[in-house]
Number of protein chains: 2
Amino acid sequence: MPSKSRSDPKPAEVADRLHSAAIHLLRRLRRVDEASGLSAPKLSALSVVVFAGPIRLGDLAAAEQIRPPSMTRIVQQLESQGVVRREPDPGDGRATRIAATPKGHRLLKQGRGRRVNLLVEWLGGLDTADIHKLEKGLVVLEQLLKK
Amino acid sequence: MPSKSRSDPKPAEVADRLHSAAIHLLRRLRRVDEASGLSAPKLSALSVVVFAGPIRLGDLAAAEQIRPPSMTRIVQQLESQGVVRREPDPGDGRATRIAATPKGHRLLKQGRGRRVNLLVEWLGGLDTADIHKLEKGLVVLEQLLKK
DNA sequence: TATATTTAGTTAGCGCAGCTAATTAAATGG
DNA sequence: CCATTTAATTAGCTGCGCTAACTAAATATA
């Protein structure tokens, strides 16, 4: 069992640091992800489409926690880049379903490769234990974000 | 999909999840922070100014990892809201130094309080062990971002 | 010393991503 | 059959990142 921290972290401090870390992480990843031609929000949306299969626009917006009009624009751009396509919803004439094209699958894979390369570079000086710590913190964060 | 922390997490997966978590965290915090009249980037910059004392614009931009023109605009808005002021750099006529006003200190404190309240709400279902995990992951992340 | 170069910051102008309000078209219900 | 609700889009706003080009001050050099 790994040693516990000596004192309980103050929520105020954790909140601040989490906020700051998220901002700086995204500012960095932005540059890497640019190489794919897809911004962070587009990559994130594409990831959901690839993973969650054909999905309605409204559901995709909800999953990404943005409003439908914002998702409409993102999908339009993804479509014009040929990484997703729209198909009519079989059971509902108002809705469209968003699906990833083969190019979309390929592009996401490549983008992931780039981030991994960067991360591997970053992780250069870290040992396995630190990676585990990072992953465990991530699990907690993901739980928080699900609610 | 989270992996078991038993096995070594794949960097590819960790990279993806970190990316996604950062995006979703910021989208949420954005709404909370709006109440302070300061966006996430402004709060982040103000935090550096409050913490690192009077600081030159270029250094502030570097600390925030954005370009000087972007920081110029942020500082202008912070100034017009009365939370920072500019003073001439004693030793360099080209440079200005950015300092936080009392109002700036106060506002940052209030904003922190709001985020803490939100976090406390989020943390409602979590135990101390989870908070520790989150904090430890954060330490690792912060190390990565320092480089 | 006088001129050239470098450096700090700003201005101008672009693109992307969020939002709300209003619109269109399809589904649903009285 | 018409009224209401729902899915998505369009229009238009704001904020924040960027590069390119400019001004002014500091520094280096002939």
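Here is the naming used below: chain letters follow the sequence lines, and residue numbers restart at 1 for every chain. Being a predicted model, the structure only gives us computed values, none of them experimental. When reading the values below, keep in mind they use all heavy atoms of this one structure, side chains included, and skip hydrogens, waters and symmetry mates.
For B:Lys42, a side-chain nitrogen or oxygen approaches OP1 or OP2 of D:dC16 to under 4.0 Å. At C:dC19, one or more side-chain N or O atoms of A:Ser70 fall inside 4.0 Å of OP1 or OP2 (strictly under the cut-off). Contact annotation: B:Gln76 reaches the phosphate of C:dT11 (side-chain N/O to OP1 or OP2, under 4.0 Å).
Within 4.0 Å (heavy atoms only), A:Asp89 reaches no atom of the nucleic acid at all. Contact annotation for A:Pro41: backbone-only contact, meaning every heavy-atom pair under 4.0 Å involves sugar-phosphate atoms and none involves a base. B:Arg73 comes within contact range of at least one nucleobase, with a heavy-atom separation under 4.0 Å. Backbone-only engagement by B:Arg56 is indicated by non-hydrogen atom pairs under 4.0 Å involving sugar-phosphate atoms exclusively. Across all strands, B:Glu64 comes closer than 4.0 Å to no nucleic acid atom at all (heavy-atom distances).
With C:dC19, C:dA17, C:dT6 as the candidates, the nucleotide lying closest to the side chain of A:Pro69 is C:dC19. Closest approach to the B:Ala95 side chain among C:dG9, C:dC19, C:dA17 is made by C:dG9 (side chain taken as heavy atoms from C-beta onward). Side-chain proximity of B:Asp92 to the nucleotides D:dA8, D:dA26, D:dC18 is greatest for D:dA26.
Heavy-atom nearest nucleotides on DNA chain C were determined for A:Gly91 and for A:Ile74, and the one closer to the 5' end corresponds to A:Ile74. Between A:Gln65 and B:Met71, the residue anchored nearer the 5' end of DNA chain C, judged by the nucleotide with its closest heavy atom, is B:Met71. Comparing A:Arg86 and A:Arg27 along DNA chain D, the residue whose closest nucleotide (by nearest heavy atom) sits nearer the 5' end is A:Arg86.
By the 4.0 Å N-to-carboxylate-O rule, A:Asp89 lies too far from A:Arg94 to be salt-bridged with it. Remark: B:Arg85 does not engage B:Glu79 in a salt bridge, criterion side-chain N to carboxylate O under 4.0 Å.
Side-chain contact annotation: A:Thr96 with A:Glu87, donor-acceptor N/O pair under 3.5 Å absent. Side chain to side chain, A:Glu64 and B:His24 meet the donor-acceptor criterion of an N or O pair below 3.5 Å.
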